[in-house]
K.L.:
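Before we start, here is the structure in question, set down as structure tokens.
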Number of protein chains: 2
Amino acid sequence: MVRNSRWDFRFLATETMLRLTKKADYGLMALKYLAEQALATGKTGAASAQSAKDIAEAYHIPPQLLAKILQTLARQGLLVSHAGTHGGYALARPATEINAFEVIRAIDGPLFITSCITIHGTCDLAGHCTIKEPLRKVNDSIKDLLAGIVIADLAETPDHEPSVTLAGGLVSIAL
Amino acid sequence: MVRNSRWDFRFLATETMLRLTKKADYGLMALKYLAEQALATGKTGAASAQSAKDIAEAYHIPPQLLAKILQTLARQGLLVSHAGTHGGYALARPATEINAFEVIRAIDGPLFITSCITIHGTCDLAGHCTIKEPLRKVNDSIKDLLAGIVIADLAETPDHEPSVTLAGGLVSIAL
DNA sequence: GGAATTCCGGACCATTGCAGTCCTAAGTGT
DNA sequence: ACACTTAGGACTGCAATGGTCCGGAATTCC
């Protein structure tokens, strides 16, 4: 009865039904790392570049995989890259101006909360699915939620409380 | 550059990075249908039962697949089922007392927003991943968001405004 | 009692996406 | 020249999703 899938979720406390890919996870971790390094070294921009290899080792992430992720982030303009001996990646903008939504979208691409909404905004089940609109609102709310979180919030800066109430992080949903 | 996946998302307006499975979609549609039928017929509980086949045809959903979904929903206690000639499924509770979170969880099972959090609450990258805690908050916020939406909100009742501001649908996030 | 209807649930399969690896450029600094 | 690093395409293994099929059990109607 409980064993209806590969998971045994009898012992769960927290749970949701929405999934973030590992790549997005890694990407956020990398950005967090870069933000911390920039702050620690006092340097800013390309001066505080860290190589993909270094970041991968710091978090025990498959290096090749992280390399790809960083490449796409650079391609999307969230990071600046620099090849060469002391090259690497650095945040393209201040850590307070890059939010989680951008990062995730850059990596995973835009996915819709409901499979009902396609590229063209039309519904697979043309007209039959009346659930679309309410879910779109949820969709937007989640987006706002994530857009309200910036990299700086993730970074544990030395002189910075670990938990800070985030201004602008209030999201209302109206159906 | 844009063609980094099977989707061409150059024309997108709305977008998120979180996905709901088709099954959950179907499940919500089915519940909505049942809620509307119950209201339309004036009957309540098992008296307003609809067969899986009927619902599937109403929305052009693969009947066998919907059947399975309804079975799990019944198993989870969200629906009551009744075999036999005029059997079928009906909401186990009033449409105002079943929320989207329950439904999705019942169907997809609990998925974590970050692959970082496992069943046991531990992190794959034991200690290395410092991103976990902030994302857990997002996780919870999304949960609250979905828990604030009930089936009745999805149903288009005749004497009911299509768009209603939902009380309790206010979610705050503090990192 | 029997037939029609409907739910139950296991087994199965095809496709797809994700995670991860490998390899070959090409740019950059010493 | 050489070491270091990014850029990116090709490929693989695996698991999950979406979907089908079948035999069986409950219920109702005749």
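Residue numbers begin at 1 in each chain, while the letters A, B, ... track the order of the sequences.
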K.L.:
Could you check whether any side-chain N or O of E102(B) sits under 3.5 Å from a backbone N or O of N99(B), counting only pairs where one atom can act as donor and the other as acceptor?
P.N.:
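Yes; at least one donor-acceptor contact below 3.5 Å.
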
K.L.:
Could you check P62(B) against Q50(A) and say which one's nearest nucleotide on DNA chain D is further toward the 5' end?
P.N.:
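Per heavy-atom nearest nucleotide, the more 5' residue is Q50(A).
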
K.L.:
When only distance counts, do a donor and an acceptor, one from the side chain of K68(A) and one from the base of dG9(D), lie under 3.5 Å apart?
P.N.:
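Side chain to base: pair present.
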
K.L.:
Reckon S81(A) has a side-chain N or O less than 4.0 Å from the OP1 or OP2 of dT5(D)?
P.N.:
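Checking dT5(D) against S81(A), no side-chain N or O comes under 4.0 Å of OP1 or OP2.
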
K.L.:
Would you confirm whether D140(B), through its side chain, and K137(B), through its main-chain N or O, come within 3.5 Å as a donor-acceptor pair?
P.N.:
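The answer is no, because no donor-acceptor pair under 3.5 Å joins these two groups.
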
K.L.:
Quick check on DNA chain C: between T85(A) and T85(B), whose nearest nucleotide comes earlier from the 5' end?
P.N.:
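Its nearest nucleotide lies further toward 5', so the answer is T85(B).
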
K.L.:
Does dT5(C) have OP1 or OP2 under 4.0 Å away from a side-chain N or O of H82(B)?
P.N.:
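Negative; the distance criterion is not met.
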
K.L.:
Of Q64(A) and Y89(B), whose nearest nucleotide on DNA chain C comes first from the 5' end?
P.N.:
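Whichever sits nearer the 5' end wins; that is Y89(B).
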
K.L.:
Look at R75(A) and dG8(D) and indicate whether a side-chain polar atom (N or O) is within less than 4.0 Å of OP1 or OP2.
P.N.:
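Yes, because at least one side-chain N or O of R75(A) sits under 4.0 Å from OP1 or OP2 of dG8(D).
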
K.L.:
Under 4.0 Å, heavy atoms only, any strand: does A52(B) hit a base, just the sugar-phosphate, or nothing?
P.N.:
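Result for A52(B) = sugar-phosphate.
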
K.L.:
Just the rounded figure in Å: distance from C1' of dT16(C) to NZ of K22(B).
P.N.:
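Roughly 11 Å, once rounded to whole Å.
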
K.L.:
Under a 4.5 Å cut-off applied to non-hydrogen side-chain atoms, are I55(A) and L34(A) in contact?
P.N.:
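Yes - at least one pair of side-chain heavy atoms lies under 4.5 Å apart.
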
K.L.:
Taking the side chain as every heavy atom from C-beta outward, state whether I98(A) and V150(A) have any pair of such atoms under 4.5 Å apart.
P.N.:
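No, side chains not in contact.
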
K.L.:
Within less than 4.0 Å of OP1 or OP2 of dT17(D), is there a side-chain N or O belonging to Y26(B)?
P.N.:
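Y26(B) to dT17(D) OP1/OP2: no side-chain N or O under 4.0 Å.
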
